[in-house]
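Position 1 is the first residue of the sequence; numbering continues from there. Note that the coordinates shown come from a computational prediction; the quantities given were computed from them, not determined experimentally.
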Amino acid sequence: MLSTSLASLNSPRSMSLLIRSSYVSQSHLNLFQPRNSKLISFTDRIPSKLVFVSSFNHNPFVDLVYKRNPTMQSVSSSSMTVKSSLIDPDGGELVELVVPESEVGPKMAESEAMPKVKLTKIDLAWVHVISEGWASPLKGFMREDEYLQSLHFNSLRLKDGTHVNMSLPIVLAIDDNTKEQIGSSKCVALVSPQGDIIGSLRSVEIYKHNKEERIARTWGTTSPGLPYVEEHITPSGNWLIGGDLEVFQPIKYNDGLDHYRLSPKQLRKEFDNRQADAVFAFQLRNPVHNGHALLMNDTRKRLLEMGYKNPVLLLHPLGGFTKADDVPLDVRMEQHSKVLEDGVLDPETTIVSIFPSPMHYAGPTEVQWHAKARINAGANFYIVGRDPAGMGHPTEKRDLYDPDHGKKVLSMAPGLEKLNILPFRVAAYDTIEKKMAFFDPSRAKEFLFISGTKMRTYARTGENPPDGFMCPSGWNVLVKYYASLQESDESSKQKAVV
């Protein structure tokens, strides 16, 4: 949910900064404890000898950053080399699991003789995610030890003893019949929903799929009506199979949007080409309105004030599974293109790309995955708002998660220390100025909060939102989409009558 109404985020002075012990002198360790997750307000107590080791000090934007990396180089250095390694991928090396072209033929022939595992559409999306390195250092569907670490610790322990964040289990379910067919085989071929062999798993391990435990620990509830659970987990098999993944060709969808699906390696190269010295990522699953644009443009402005020369925005809509009432990906991408065409966002400093992950709607647990994946893509700043990855409770009239917990969890999540978290400032429609603006609590009655649900209702009913809420060409895309749904419904009703 991208709309936000947090009174505590109204101005830079009221924002908070997570201070790690390495930022302060030894005499102040009693005030600020390492990894203590408290967000210390600058308006509360400020030690007189507080010293920052980066160039963020005395900058107005410092109050907007939950600073997590005390060794980050100064951006004011004239000798700084601009390169894609603004932030290292988890594990130190970006995982790429598409086999070289010269090996495709022999490996395809070998896979023909392997037991087959049929993939669902969501399984295929996870193959895409793993193969391109979004989940680095993961090199395949999780074996049981990885699954248990992810499920219970939200992280994976590497061979050198360090930990990387991994808040969502990335697993492949199989049924009893498939398990029996695999038998003692150590390799299996992966078959797409269309029936093509697209890769293989090697050195496989099969273990029990305790769905109730997985659901309870991932979502914090087993209430009926969780979209991803009903779509993917409930109908899946009672076993999980893990192993080392090989993919024979890059995953393509042939939906006219593949050119937007840039891999982490391609994104890092693009950041190089644009000479970016900071990359700030913004994930969304809704159309972009002028409030979002205000937040993104303001973020870039503040980064420039901090001393960065060329901050680049990664506008990164989620492209995997979403619930039925979300706006479809192709419509969202058309709407996003209109936002850039109309100059609401600057095409010169914005990269629009599709994030291939399916959506869980698992709140603070899932938002860690979203942030971790952007580390692997090369983003060193991540924008987070109210109730990230959240949804309404499936059986009760309330939010499923506390709307503040997502950003708080990100500020202390293990394995995300090197990522800078940028909380939203509150944007709403100013009924006096007739535009989206930052919320002013002294004029609270003059602001209108338009949620994603309200926005979709406007478009569905043909009612125009207030002037200045969204660029007209972008709004027309939504109106056209919902009109086509109504026409389809009317046509279906007529056929039913006949």
Do [X] and [Y] come close enough that some side-chain heavy atom pair is under 4.5 Å?
X: Pro328; Y: Tyr481; value: yes
X: Pro388; Y: Phe424; value: no
X: Leu240; Y: Ile206; value: no
X: Ile130; Y: Leu97; value: yes
X: Glu366; Y: Met359; value: yes
X: Val191; Y: Leu119; value: no
X: Leu257; Y: Ile354; value: yes
X: Glu144; Y: Glu205; value: yes

Is there a donor-acceptor pair closer than 3.5 Å between any side-chain N or O of [X] and the backbone N or O of [Y]?
X: Ser353; Y: Tyr260; value: yes
X: His292; Y: His289; value: yes
X: Ser150; Y: Asn154; value: no
X: Thr350; Y: Pro347; value: no

To the nearest 0.5 Å, what is the distance between [atom1] ([X]) and [atom2] ([Y])?
X: Leu190; Y: Leu201; atom1: CG; atom2: CG; value: 4.5 Å
X: Ser263; Y: Asn376; atom1: OG; atom2: CG; value: 11.5 Å
X: Lys252; Y: Ile198; atom1: NZ; atom2: CD1; value: 14.0 Å
X: Leu148; Y: Arg217; atom1: CG; atom2: CZ; value: 10.0 Å
X: Ser203; Y: Asp244; atom1: OG; atom2: CG; value: 5.5 Å
X: Ile197; Y: Glu112; atom1: CD1; atom2: CD; value: 4.0 Å

Ignoring hydrogens, what is the shortest heavy-atom contact between [X] and [Y]? Give both atom names and the distance.
X: Ala427; Y: Leu295; result: CB-CG, 4.4 Å
X: Arg300; Y: Pro311; result: NE-O, 2.8 Å
X: Arg285; Y: Asp326; result: NE-OD2, 3.3 Å
X: Leu124; Y: Ile251; result: CD1-CD1, 4.0 Å
X: Pro227; Y: Phe321; result: O-CZ, 3.8 Å
X: Val367; Y: Gly406; result: CG1-O, 4.0 Å

Problem set entry | Residue of the set Leu314, Thr299, Leu284 for which side-chain contact (heavy atoms from CB on, under 4.5 Å) holds with Ile383 | Thr299

Using only heavy-atom distances, determine whether the side chains of [X] and [Y] contain a donor-acceptor pair under 3.5 Å.
X: Asn286; Y: Arg456; answer: yes
X: Gln266; Y: Arg261; answer: no
X: Gln283; Y: His316; answer: no
X: Ser473; Y: Asn476; answer: no
X: Gln368; Y: Asn165; answer: yes

Salt bridge present between [X] and [Y] (N-O < 4.0 angstrom):
X: Lys107; Y: Glu110; value: no
X: Lys407; Y: Asp387; value: no
X: Lys418; Y: Asp90; value: yes
X: Asp402; Y: Arg386; value: no
X: Glu334; Y: Lys338; value: no
X: Lys265; Y: Glu96; value: yes

For this session: Examine Arg425 relative to Phe438 and say whether NZ or CZ is less than 6.0 Å from the centre of the six-membered ring and inside a 45° cone about the ring axis.
Result: yes

Can you tell me if [X] has over 12 outside heavy atoms packed within less than 6.0 Å of its [atom1]?
X: Lys121; atom1: NZ; value: no
X: Glu103; atom1: CD; value: yes
X: Glu341; atom1: CD; value: yes

Problem set entry | Verdict with supporting geometry, Tyr253 and His128, ring-ring contact (aromatic ring centres under 6.0 Å, His included) | CA-CA 10 Å; Tyr253 298 82; His128 184 179; 5.6 Å; yes

For this session: Apply side chain to side chain contact (heavy atoms under 4.5 Å, CB included) to the pair Ile421 and Ser411, showing each step before the final yes or no.
Result: CA-CA 7 Å; Ile421 306 301; Ser411 73; 5.6 Å; no

Exercise. Does the side chain to side chain contact (heavy atoms under 4.5 Å, CB included) test come out yes or no for Tyr382 and Asn420, once each step is laid out?
Worked result: CA-CA 6 Å; Tyr382 185 75; Asn420 300 283; over 6 Å; no

For this session: Please work out which of the three classes, parallel, tilted or perpendicular, describes the rings of Trp369 and Phe355, given edges at 30° and 60°.
Result: tilted

Please report whether the ring centroid of [Y] lies less than 6.0 Å from that of [X].
X: Tyr401; Y: His405; value: no
X: Tyr207; Y: Tyr147; value: yes
X: His360; Y: Trp219; value: yes

For this session: Could you please spell out the steps behind the salt bridge (charged side-chain N to carboxylate O under 4.0 Å, His left out) verdict for Arg157 and Asp145?
Result: CA-CA 10 Å; Arg157 189 169 188 262; Asp145 61 340; over 6 Å; no

Problem set entry | side chain to side chain contact (heavy atoms under 4.5 Å, CB included) between Met166 and Met142, intermediate numbers included | CA-CA 11 Å; Met166 188 66 72; Met142 290 178 175; 3.3 Å; yes

For this session: Quick one: do Asp272 and Arg268 satisfy salt bridge (charged side-chain N to carboxylate O under 4.0 Å, His left out)? Show the steps, please.
Result: CA-CA 6 Å; Asp272 265 1; Arg268 285 174 175 263; over 6 Å; no

Problem set entry | Trace of the side chain to side chain contact (heavy atoms under 4.5 Å, CB included) decision for Ile241 with Val188 | CA-CA 10 Å; Ile241 182 169; Val188 299; 4.1 Å; yes

